[in-house]
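Let me begin by presenting the structure, written as structure tokens, before commenting on it.
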Protein chains: 2
Amino acid sequence: MSTINEVAIMARVSTTTVSRYLNNRIELPAETAARIDAAIAALDYRPNILAKRLSLGRSEAIGMMTPEIANPFFAELAAAVEDEAEKHGYSVLMSSTGGNRERELASLRRLKDGHVDGLIMMTNRPDDGSLAATLHHYGHIVLIDEDIPGVNVPKIFVENREGARAATRHLIEAGHRRIAHIGGPAKLFSAIERLAGYRDAMAEAGITVDDGDIRQGEYSREFGRAAMLDMLAGAEPPTAVFAGSDFIAIGIMEAVRSKGLGVPRDISLVGFDDMPFADLLAPGLTTIRQPTAELGRIGFGTLKALIDKTSPPELTRLPVALVKRNSVAPPRS
Amino acid sequence: MSTINEVAIMARVSTTTVSRYLNNRIELPAETAARIDAAIAALDYRPNILAKRLSLGRSEAIGMMTPEIANPFFAELAAAVEDEAEKHGYSVLMSSTGGNRERELASLRRLKDGHVDGLIMMTNRPDDGSLAATLHHYGHIVLIDEDIPGVNVPKIFVENREGARAATRHLIEAGHRRIAHIGGPAKLFSAIERLAGYRDAMAEAGITVDDGDIRQGEYSREFGRAAMLDMLAGAEPPTAVFAGSDFIAIGIMEAVRSKGLGVPRDISLVGFDDMPFADLLAPGLTTIRQPTAELGRIGFGTLKALIDKTSPPELTRLPVALVKRNSVAPPRS
DNA sequence: TCTGGCTAGTAAAGCGGTTGCGTAAAGTGG
DNA sequence: CCACTTTACGCAACCGCTTTACTAGCCAGA
């Protein structure tokens with residue numbers, strides 16, 4: 001590997017000049033520039049990025065914190081971020097925390113250590129305030145998909161409430177009146193918004209919601225199954241369910257099936273997320289699609305703006321869309 | 001941020017001593033060590049990793065090239081690598097190439113530029129030789145999951161052939177004789193091995209394979225569906241299929257269903273990979289599980305051995321296992 | 001008493017860039 | 001022809017850490 005010094009010697013100038021020339025901080029006579037160019041080509045010189053980083057104190061890399069990269073939703077998001085970052089010459093350091101506070105903090109430490117210039121954070125659990133408190137001390141952070149209340153950084157979310165409203169309305173329009181909602185953690189931002197959207201739609205249709213028809217728990221298949229089994233055990237179960245996530249929806253399907261019932265014959269179902277597997281299911285899951293890739297792209301753009309000191313919008317909301325498949329039918333009369 | 005120099009001053013020693021002490025290259029009298037420890041604690045000193053990297057010429061980061069991070073299989077693999085790397089103090093730079101040669105080369109360039117100390121490569125397309133040729137010039141590379149023929153680096157694969165054999169035997173044991181194989185690209189290493197395993201099992205059972213019962217194409221849902229539709233259009237379709245991947249198996253399910261037939265009632269089916277969604281399907285897909293996380297862990301370990309100049313094994317083979325779900329039944333008589 | 005071998009460190013030269021000051025030489029206006 | 005501004009660069013410090021080569025001081029053995 002050749003160095004800037006070798007280039008300088010070959011071009012008969014100083015390293016200062018080469019460095020400035022390469023960074024466009026100087027205008028050189030064509031002849032000098034040509035000599036430098038020639039030397040660079042001859043030596044196949046490429047700047048040592050490690051040295052550059054040390055000198056500049058920047059790493060031209062960003063970190064990305066996801067709860068679980070193996071979750072297709074986060075994987076897709078990650079891919080989009082990486083894609084966009086690459087375009088701007090940034091590397092991405094992935095870190096999947098497994099929802100582990102330890103690892104979240106390690107990730108933040110890296111940021112502080114100058115390892116990375118900024119951080120895109122995704123989380124999927126409610127914060128007890130400790131994360132929020134920590135974040136205050138850090139530099140360039142962007143929150144994606146899920147809020148951490150009390151943190152004052154740019155945030156990018158989807159229209160959770162609108163989406164939930166559309167999902168619920170879709171069920172109402174199919175003729176259902178007893179529509180349950182099995183959603184995410186009661187304290188989690190997205191779950192709160194989705195619940196609100198569900199209530200909106202029900203209220204708009206003039207339907208009174210029985211509190212027993214609302215269940216909140218983890219965004220997981222297991223919770224979906226358990227909650228649905230519980231509902232089915234009731235005297236008069238609902239005819240439709242709006243699930244807070246596709247994982248929950250899968251659990252619901254399992255529960256329904258295990259009772260010898262069918263989706264959508266006995267229970268209509270709408271999910272949220274449009275995970276890649278949503279259309280692999282039988283029946284295909286009607287769900288709310290999030291603009292995953294867009295979230296990632298805009299997330300990176302926002303972070304870059306932050307790094308470049310141009311102030312990005314405080315809050316960006318991305319629209320969602322209802323994807324109709326085969327898990328909704330009119331109620332059996 | 002405090003520096004090693006400040007620590008040295010506070011502890012009344014030289015930076016050399018602090019550096020050596022921290023890197024366990026020196027043994028100090030307890031009293032001196034205590035002074036240094038105290039200074040570090042007091043100043044909340046953490047070494048500047050950028051400086052360390054420059055000085056050492058190592059980046060303590062590895063690259064990971066995957067065709068598509070959004071594919072659950074690769075995502076899981078990536079998560080395992082990341083996990084293991086983290087434990088050893090390495091960062092992981094993810095790069096999903098989308099099967100794009102350009103991006104593959106960019107990834108390799110980074111490696112050369114000292115961006116990373118080594119690279120874990122995964123690919124999913126047959127190489128025309130150009131990639132293999134390029135790889136020869138590079139340093140620390142480990143190949144995971146799929147071979148690039150002619151490349152002389154440590155490789156970690158699963159027992160494709162054994163797995164295929166077990167899958168096929170499972171169908172035979174269920175009573176099937178006409179068993180088709182719809183597999184991956186004819187020139188792709190894993191597909192070749194899996195086909196061989198299928199032939200093994202059939203030969204062992206004394207069943208002659210009709211060439212028309214073997215189809216090779218992409219590891220994709222679309223190919224699976226098309227191939228299966230074609231088979232079903234034949235005069236006497238098979239009663240069972242061993243699919244080269246779970247994606248292919250899903251396509252097969254769709255095809256079977258679209259003809260008004262059922263899995264496993266009319267067609268028994270075994271996949272390969274055990275993707276996270278395999279058990280979400282209805283019926284649950286019987287398939288061959290790859291030790292995904294293990295692949296990742298061992299992949300990192302092998303790369304690290306390479307970096308540390310201890311020569312790792314040329315080839316590691318990881319066992320697979322048959323996971324029985326509900327897509328296999330005896331043939332209808 | 002001298003030599004040699006520890007012990008417990010240190011000074012200084014990198015690693016490969018960037019950058020705040022300078023400055024010699026050439027050009028310009030009066 | 002002189003003072004002044006450009007033009008075209010260079011010197012050397014700096015980023016924070018590692019490492020090679022060296023030394024001061026002490027003790028043991030001959």
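Sequence lines set the chain letters: A, B, ... in the order given, protein chains first and strands last, and positions in each chain run from 1.
Contact annotation: the side chain of A/Phe189 approaches that of A/Asn160 to within less than 4.5 Å [non-hydrogen atoms, C-beta and beyond]. Residues B/Ile156 and B/Asp145 have side chains not in contact (no heavy-atom distance under 4.5 Å, counting atoms from C-beta outward). The side-chain heavy atoms of B/Thr316 and B/Phe157, taken from C-beta on, include no pair separated by under 4.5 Å.
The residue A/Arg53 sits apart from the nucleic acid: no heavy atom pair falls under 4.0 Å. Among the atoms of the strands shown, none is found under 4.0 Å from any heavy atom of B/Tyr21. Contact annotation for A/Thr3: backbone-only contact, meaning every heavy-atom pair under 4.0 Å involves sugar-phosphate atoms and none involves a base. B/Leu56 comes within 4.0 angstrom of sugar-phosphate atoms only, judged by non-hydrogen atoms across all strands, and of no base. Using a 4.0 Å heavy-atom cutoff across all strands shown, A/Thr16 reaches at least one base atom of the nucleic acid. A/Ile49 comes within contact range of no nucleotide atom at all, as no heavy-atom separation falls under 4.0 Å.
Taking atom CD1 of A/Ile9 as the reference point, atom C1' of C/dG16 lies 13 Å away to the nearest angstrom. Atom CD1 in A/Ile26 sits about 13 Å away from atom P in C/dT18, given to the nearest Å. Rounding to whole angstrom units, CD of residue A/Glu27 and P of D/dA8 are separated by 9 Å. Computed from coordinates, the B/Arg12 CZ to C/dT10 P distance equals 11 Å when rounded to whole Å. In this structure, B/Asn48 places its CG atom 6 Å from C1' of D/dG16, rounding to the nearest Å. As a whole-Å value, the separation of A/Leu50 CG from C/dG16 P is 10 Å. Computed from coordinates, the B/Ile4 CD1 to D/dT19 P distance equals 11 Å when rounded to whole Å. Atom pair B/Asn5:CG and D/dC14:P shows a separation of 12 Å (rounding to whole Å applied).
Each of B/Arg35 and A/Thr17 lies near DNA chain C, and the nucleotide nearest B/Arg35 is the one positioned closer to the 5' end.
Residue-to-nucleotide contacts include a donor-acceptor pair under 3.5 Å from the side chain of B/Arg20 to the base of C/dT10.
Closest to the side chain of B/Thr32, from the set C/dT18, D/dA8, C/dG9, is C/dG9.
Under 4.0 angstrom from either OP1 or OP2 of D/dT18 there lies no side-chain N or O belonging to B/Ser55.
Using a cutoff of 4.0 Å between basic side-chain nitrogens and carboxylate oxygens, A/Arg125 and A/Glu104 are scored as salt-bridged. A salt bridge between A/Arg101 and A/Asp128 is present, with a side-chain N of the basic residue lying under 4.0 Å from a carboxylate O of the acidic one.
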